[in-house]
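Each remark here refers to the structure printed beneath this line.
Note on naming: letters A, B, ... go to the chains in the order of the sequence lines (proteins, then strands), and numbering restarts at 1 for each one. Only this structure's heavy atoms are used, side chains among them; waters, hydrogens and symmetry mates stay out.
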Number of protein chains: 2
Amino acid sequence: MIPTPYYLIDEARLLENMHKIARLRELSGAKALLALKCFATWGAFDAMKPHMDGTTSSSLFELRLGREKFGGETHAYSVAWSDGEIDEAISYADKIIFNSLSQLDRFADKASHIEIGLRLNPRFSTSGFDLADPARPFSRLGEWDIARLEAALPRISGVMIHYNCENRDFDLFDQQLTRIESEFGDFLRKLKWVSLGGGIHFTGEGYPLEKLAARLRAFSERLGVQVYLEPGEASITQSTTLEVSVLDIVDNGKKVAIVDSSIEAHMLDLLIYRETAKLPQEGDYPYQVAGKTCLAGDIFGEARFAAPLQVGDRISVQDAAGYTMVKKNWFNGVNMPAIAIRRADGNGTVELIREFTYEDYASSLS
Amino acid sequence: MIPTPYYLIDEARLLENMHKIARLRELSGAKALLALKCFATWGAFDAMKPHMDGTTSSSLFELRLGREKFGGETHAYSVAWSDGEIDEAISYADKIIFNSLSQLDRFADKASHIEIGLRLNPRFSTSGFDLADPARPFSRLGEWDIARLEAALPRISGVMIHYNCENRDFDLFDQQLTRIESEFGDFLRKLKWVSLGGGIHFTGEGYPLEKLAARLRAFSERLGVQVYLEPGEASITQSTTLEVSVLDIVDNGKKVAIVDSSIEAHMLDLLIYRETAKLPQEGDYPYQVAGKTCLAGDIFGEARFAAPLQVGDRISVQDAAGYTMVKKNWFNGVNMPAIAIRRADGNGTVELIREFTYEDYASSLS
C-alpha cells in the first residue's frame with residue numbers, strides 16, 4: 001500500500017476527458033493544446049498525446065517540457081520573455097505568442113522563421129474573482145486597442161484570446177464569442193489562426209459538446225481562421241485524487257480530523273480562492289477535515305462519513321489534478337505528496353512515478 | 001552579475017537582528033529558537049547559530065534540518081505526528097511538543113526519555129486575519145480545557161503557547177501575558193518551561209526590547225519556569241531582498257513594469273494575505289510592479305522611481321526572507337529565484353548558494 005500523502009491519477013478517467021476532447025476536435029475542426037500551467041505531470045502524457053494536438057505554455061520551462069515530453073504543436077506564450085531566454089524559447093516553439101506590442105517589437109525579428117501571435121484582450125471575461133480576471137482594470141494581459149493590433153499585423157499570423165475561467169455556461173460562451181466577432185471580426189479575418197484559450201469547462205457533466213463544436217466551426221468558417229483551444233482543467237478534471245490519512249482527531253466544539261497533508265502546500269488554490277475540497281458527503285458522522293500545518297485556516301472542508309473516523313483511516317480528496325501538483329511547495333516542511341498513476345491497462349496497476357524525500361526538501365533551501 | 005531573479009540575504013543585516021536576540025536572551029533569561037517554518041535557508045545558519053539557542057519545527061523534515069544544520073536545542077512540534085515518523089522525530093528532538101492530548105496519549109511512552117510538552121491554546125490571539133488566527137472557532141491548535149491540561153501533567157514538563165502574529169505592540173503583549181498568568185498561572189507553576197511561541201516583532205524598529213526583557217523575566221520568576229521564544233520573522237526581518245529585472249513595460253491606463261518573478265511563486269504571502277510588497281517609493285515616475293505569471297492579480301504593488309524604468313532595470317523587493325523561500329513553488333514554470341548571501345566579511349562578497357534549473361522543475365512533476 002502506497003504511503004500517504006499521494007496524488008493518484010486515474011488514467012481511465014483521464015481518458016474519458018481525452019475522448020471528449022478528441023470528439024470536439026473532430027466535430028469542430030478546432031485544435032486542442034494542453035495548458036501546462038494547469039497540469040504538467042509528464043508521467044501521464046502518454047495517455048494524453050494521442051488525443052490532443054500539443055501543448056501551450058506560460059514560461060520557458062513549461063515550453064521545453066511540452067516540446068520534450070509531449071510533442072506535437074508547441075505554442076510558446078509568456079507574459080514577458082527575457083533577452084536571455086528568447087533564443088532558447090524560439091528553438092522549442094512552433095508558434096510564439098507575445099503578450100504586448102512592445103515584446104513583439106523587441107523579439108519579432110528573431111522569431112520570423114516561426115509563426116508569431118499576439119495576445120488580444122477583449123476587455124471582458126467570465127471570471128468573477130478579480131485575482132483571476134484578465135479583464136481587470138489596468139490588466140497587463142494582452143492588447144485591445146485596434147490601432148495597436150493593426151500595427152502588429154504584418155508580423156503576426158494569429159492571436160490568443162484568454163478570457164474564460166471555469167466557464168460551464170455554453171450560452172455565455174456563445175454570447176461572448178459573438179461579441180468578439182462583432183468587436184474584433186474585421187481584424188481577426190486578416191489572420192490565419194485564433195486561439196480561444198482555456199477555461200471552457202466542456203468536459204464537465206452535461207456540457208453541450210455538440211453545440212460548442214458547431215459554434216466553434218461557425219466562428220472558424222465565418223472568419224476563415226484555424227481555431228485553437230487550450231484546455232487545462234478541462235483536460236484533467238475529475239481524473240485525480242489526493243490520498244491522505246487521518247493522523248489525529250480533536251474536538252474543540254466540532255470534530256476535526258487532521259490529515260497528513262495541507263491545502264497551502266498541496267492544493268493551494270483552495271486557500272487562494274477560499275474554496276472547499278471535494279470530500280465524502282455520505283453518512284451520519286460529520287468531521288471537518290484539516291491539514292497538518294501551523295496555519296489555522298489549513299482546512300480542506302466539511303465532510304461526512306459512514307462510520308466514526310479512526311487514526312489511520314484514509315480519505316480521498318476528489319478532483320485534485322488542476323493547479324495542485326504544479327503549485328505544491330514545502331510550506332512547514334510537510335512531506336510532499338508522491339505522484340502515482342492507476343494505469344488503464346485492465347489490471348488497475350498503480351505505478352508510483354515520483355516520491356519526495358528529506359533531501360528534496362533540504363536541497364530546495366540551499 | 002548574478003542573473004535575476006534571486007533572493008539576496010544580507011548577513012550584516014541578519015546580524016543586527018541576531019544581536020537584538022542575543023541581548024534579549026541576556027536581559028530576560030529567555031531562550032530563543034529559530035522557527036524554521038518561517039526561514040530555513042540553512043546556508044545562512046552559520047551567522048545565526050552563535051546568537052540563538054537552537055530551532056523549533058513544524059514537521060519531521062524541519063526538525064531534522066534543525067538538528068543537522070543548526071544544532072543546539074532542537075524542539076519538535078507538529079500539529080500531528082504519524083505512527084510512521086514518530087520514532088525518527090524523537091531521535092532528533094530534545095523536546096517534543098504534542099498538539100493534542102490524544103497525540104500525547106498515543107506517543108508519550110515512546111518519548112519518555114526526552115522532555116515532553118503540550119500546546120496550550122489560550123483562546124485569544126493578536127491575529128486579525130482568520131486564516132492565521134490560532135484562536136479561531138473550533139481551532140485544532142492546542143488544548144485549553146484545564147481538566148485536559150491537568151490530565152497531561154504527569155507526563156509533560158512544559159507547554160508551548162503560540163498566540164502572537166506580527167505583534168509590534170508591547171502593551172498588547174504585556175496585557176495578554178497578564179491574562180495568561182491569571183487564567184493559566186496555577187497550571188503553569190507546575191511546569192519547568194513555557195514557550196511563548198513566535199510572532200513578537202521585537203527586532204523591529206523602536207520596539208522596547210528592555211521592557212519586553214523585564215516582562216519576560218517577571219513572568220519567568222513569578223511562575224518558576226524557563227521561558228522560550230520562537231522568533232521566525234523577528235529573526236530575519238529586513239535582512240533579505242528579492243532581486244528582479246524589468247522585462248516589459250505596458251500601459252493600459254497605468255504604467256506597469258512586468259518583472260521576472262511572481263508573488264504567487266516567490267512571495268506567496270503577498271497573495272494569500274493580500275499584502276503589498278515593499279518597493280521603492282521615491283521619485284516622480286510611478287509604476288505598478290507586476291509578476292510574469294498568467295495570474296491577473298500577480299501584482300507586487302505600486303512603486304515610484306527617480307527615472308523612467310527601462311527593460312533590463314533591476315528592482316529590489318525589500319523584506320523578502322520570511323515565508324518566501326520556504327513556500328516558493330513552480331507555478332507557471334517560472335524560474336525559481338536563486339539564493340545568494342552577501343557575507344559580512346568586510347568585502348561584501350556575494351556568494352551564490354543555490355540555483356534552480358529546468359531539471360529541478362521537470363523533476364518536481366514526475
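Options B:L60, B:V311, B:V256 differ in how many heavy-atom pairs under 4.5 Å they form with chain A, and the most are formed by B:V311. Ranked by heavy-atom pairs shorter than 4.5 Å toward chain B, the options A:M325, A:M336, A:R106, A:Q288 are led by A:R106. When the candidates A:C294, A:S82, A:P134 are compared by the number of heavy-atom contacts under 4.5 Å with chain B, A:C294 comes out ahead. Highest contact tally toward chain A, considering only B:T293, B:D133, B:L141, is held by B:T293 [criterion: heavy-atom pairs under 4.5 Å]. With chain A as partner, the option from B:F138, B:Y323, B:F331 having the largest number of non-hydrogen pairs under 4.5 angstrom is B:F138. Interface summary for chain B: among A:V259, A:L65, A:L36, the most heavy-atom pairs under 4.5 angstrom belong to A:L65.
Only the side chain of A:Y273 has a heavy atom closer than 4.5 Å to any heavy atom of chain B. Of the atoms belonging to A:L295, heavy atoms from both backbone and side chain fall under 4.5 Å from chain B. Looking at A:I299, the atoms closer than 4.5 Å to chain B (heavy atoms on both sides) all sit in the side chain, from C-beta outward. Neither the backbone nor the side chain of A:D251 comes within less than 4.5 Å of any heavy atom in chain B. Using a 4.5 Å cut-off between heavy atoms, B:R64 contacts chain A through both its backbone and its side chain. Of the two parts of A:I353, the backbone and the side chain both hold a non-hydrogen atom closer than 4.5 Å to a non-hydrogen atom of chain B. The contact between A:L271 and chain B is made entirely by side chain atoms (from C-beta outward), counting heavy-atom distances below 4.5 Å. A:F129 touches chain B through its side chain: at least one heavy atom from C-beta onward sits under 4.5 Å away, while N, CA, C and O do not. Looking at A:N121, neither its backbone nor its side chain comes within 4.5 Å of chain B, counting heavy atoms on both sides. Neither the backbone nor the side chain of A:E88 comes within contact range of chain B; no heavy atoms are under 4.5 Å apart.
For the atom pair CG of B:D260 and OG of A:S59, the computed distance is 12.5 Å after rounding to the nearest 0.5 Å. To the nearest 0.5 Å, atoms CD1 (B:I258) and CG (A:N99) are separated by 5.5 Å. Taking OG of A:S364 as the reference point, atom CZ of B:F356 lies at 6.0 Å (rounded to 0.5 Å). A distance of 9.0 Å separates CG of A:N252 from CG of B:D145, quoted to the nearest 0.5 Å. For the atom pair B:L268 CG and A:L268 CG, the distance stands at 5.5 Å (nearest 0.5 Å).
No side-chain heavy atom of B:N329 sits less than 4.5 Å from a side-chain heavy atom of A:K328. Residues A:Y361 and B:E62 meet the side-chain proximity criterion, which asks for heavy atoms closer than 4.5 Å. Annotation: side chain of A:W81 is not in contact with side chain of B:L247 (no heavy-atom distance under 4.5 Å). Between A:W330 and B:V326 there is no side-chain heavy-atom pair separated by less than 4.5 Å. A:D298 places none of its side-chain heavy atoms less than 4.5 Å from the side chain of B:V79. Contact of the A:T41 side chain with the B:S366 side chain is registered, since non-hydrogen atoms from C-beta on lie closer than 4.5 Å. B:E264 has its side chain within reach of A:I272: a pair of non-hydrogen atoms, C-beta onward, lies under 4.5 Å apart.
B:R274 and A:D130 are joined by a salt bridge, as a carboxylate oxygen and a charged side-chain nitrogen come within less than 4.0 angstrom of each other. Ion pairing between a basic and an acidic side chain is recognised when a charged N comes within 4.0 Å of a carboxylate O; B:K292 and A:E85 show such pairing.
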Quiz item: Are A:N332 and B:K327 close enough, and set up right, to give a side chain to side chain contact (heavy atoms under 4.5 Å, CB included), and what steps lead you there?
Solution: CA-CA 8 Å; A:N332 267 208; B:K327 295 189 182 190; over 6 Å; no
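Under a cut-off of 6.0 angstrom, the local environment of CD in A:E355 is sparse, with at most 12 non-hydrogen atoms contributed by other residues, nucleotides or ligands.
Side chain of A:W42 to backbone of B:A362: a donor-acceptor contact under 3.5 angstrom is found. A donor-acceptor contact shorter than 3.5 Å links the side chain of A:R140 to the backbone of B:G291. Of the possible polar contacts, one joining the A:R354 side chain to the B:S363 backbone as a donor-acceptor pair under 3.5 Å is found.
By the 30° and 60° cut-offs, the orientation of the rings of A:F61 relative to B:Y358 is perpendicular.
Counted by atom type alone, B:S100 and A:D248 present one or more donor-acceptor pairs between their side chains at under 3.5 Å.
Across all their heavy atoms, A:A132 and B:A296 have their closest contact at C-CB, 4.0 Å.
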